[in-house]
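Following: one structure in structure tokens, then a few remarks.
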2 protein chains.
Amino acid sequence: MNTFAKLRSKGHRITDQRERILQKIKSHPQTVEEIHESLDKKVNLASVYRTLKLFVKNKAVRVINFGDGKKRYELLDEKNHHHHFTCNNCKSIEDISSQLEEKLIEDIQLKSKLKIASHSLELFGVCHNCT
Amino acid sequence: MNTFAKLRSKGHRITDQRERILQKIKSHPQTVEEIHESLDKKVNLASVYRTLKLFVKNKAVRVINFGDGKKRYELLDEKNHHHHFTCNNCKSIEDISSQLEEKLIEDIQLKSKLKIASHSLELFGVCHNCT
DNA sequence: ATCAGTGCAAAGTATTTGCATATCC
DNA sequence: GGATATGCAAATACTTTGCACTGAT
């Protein structure tokens with residue numbers, strides 16, 4: 001079930017604003033302000049906040065935190081689970097994924113006996129361009 | 001070189017406020033408000049902000065983000081690198097570490113050819129008490 | 001037609017800053 | 001003594017909320 005179907009099933013409506021916001025996030029994680037700007041402020045800032053909160057609540061979007069203290073909103077795609085590498089120098093962001101990761105989580109789960117439902121991994125360093 | 005020695009070498013001073021704030025963070029990650037409260041508001045809120053910013057800049061402290069949107073400040077201890085497990089239910093936080101982790105980072109580094117300097121891993125799920 | 005969502009403005013929080021005073025080295 | 005820090009209050013930035021109106025179903 002996709003994002004909008006899920007929202008509909010809960011009695012929420014698919015508005016033009018919601019579609020546009022979701023569309024914007026598709027390319028890469030963005031801050032509230034960036035989303036607002038890139039929609040030419042045609043969508044009210046309060047609505048951007050409300051929409052993102054709704055998306056997060058419905059697990060269509062997740063919040064990620066790079067080192068800069070700003071929250072960014074990213075589309076959640078089960079089939080494309082990945083992490084981020086942030087360059088400490090130029091602040092560019094790269095998507096990362098690894099096969100070993102599942103093992104790590106399993107390993108932690110076994111040892112700790114905790115039920116791990118989700119995780120977030122952020123990497124920092126120097127990117128190719130800045131080396 | 002410890003935190004204060006590092007600060008001194010950069011011309012910063014060791015004040016009572018800074019010592020008390022660092023002391024507070026030692027036990028566990030805390031929000032600005034929690035630190036301010038636990039010092040009985042004897043240290044001005046603006047000073048707490050300024051001090052934490054200074055500590056973060058000097059890598060004595062790092063910011064961590066659990067799911068609740070609140071920033072928490074944690075003492076950085078090279079010798080005791082760890083991650084956090086946050087219970088989605090009771091919001092309790094547990095420290096986690098794993099041997100496999102180094103391998104994961106190395107793996108990613110090899111494949112991506114990026115220079116990874118640091119990373120942050122946050123885990124979410126259900127803790128022992130809430131199962 | 002109905003009820004959820006939007007825009008707008010105002011209220012609430014969170015964080016930063018300017019400046020006079022206090023304090024570390 | 002001199003430069004760095006602090007406290008206080010004001011300024012700025014960020015986020016939420018109430019309400020009348022609009023629009024999706």
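Every chain is numbered from 1 and lettered A, B, ... according to where its sequence line falls, protein lines coming before strand lines. No experiment lies behind these values; they were computed from the predicted model shown.
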Nearest-angstrom distance from the residue atom [atom1] of [X] to [atom2] of [N]:
| X | N | atom1 | atom2 | answer |
| --- | --- | --- | --- | --- |
| L52(B) | dT16(C) | CG | C1' | 14 Å |
| K53(B) | dA5(D) | NZ | P | 15 Å |
| K10(B) | dC25(C) | NZ | C1' | 19 Å |
| K70(A) | dC14(D) | NZ | P | 8 Å |
| E37(A) | dC14(D) | CD | P | 11 Å |
| L45(B) | dA13(D) | CG | P | 18 Å |
| K41(A) | dC8(C) | NZ | P | 13 Å |
| K57(B) | dA5(D) | NZ | C1' | 14 Å |

So does [X] have more than 12 non-hydrogen atoms from other groups sitting under 6.0 Å from [atom1]?
| X | atom1 | value |
| --- | --- | --- |
| K111(A) | NZ | yes |
| K103(A) | NZ | no |
| N129(B) | CG | no |

Rounding to 0.5 Å, atoms NE2 (H83(B)) and NE2 (H119(B)) come to a distance of 3.5 Å
Check whether any side-chain nitrogen or oxygen of [X] sits under 4.0 Å from OP1 or OP2 of [N], and answer yes or no.
| X | N | value |
| --- | --- | --- |
| S47(A) | dG7(C) | yes |
| Y49(A) | dT16(D) | no |
| Q17(A) | dG23(D) | no |
| N44(A) | dC8(C) | yes |
| T15(B) | dT6(D) | yes |
| R18(B) | dT6(D) | yes |

Looking for any heavy atom pair under 4.0 Å, which part of the strands does R8(A) touch: base, sugar-phosphate only, or nothing?
sugar-phosphate
Comparing D16(A) with E33(B), nearest DNA chain C nucleotide closer to 5' gives the residue D16(A)
- prompt: Counting only distance, no hydrogens or angles, is the base of dA3(D) paired donor-acceptor with the side chain of R13(B) under 3.5 Å?
  reply: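 Check passes, donor-acceptor contact within cut-off.
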Are R20(B) and K42(B) close enough that some pair of their side-chain heavy atoms sits under 4.5 Å apart?
->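 Yes - at least one pair of side-chain heavy atoms lies under 4.5 Å apart.
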Closest-nucleotide 5' rank along DNA chain D - winner of G11(B) and K42(B):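 Its nearest nucleotide lies further toward 5', so the answer is G11(B).
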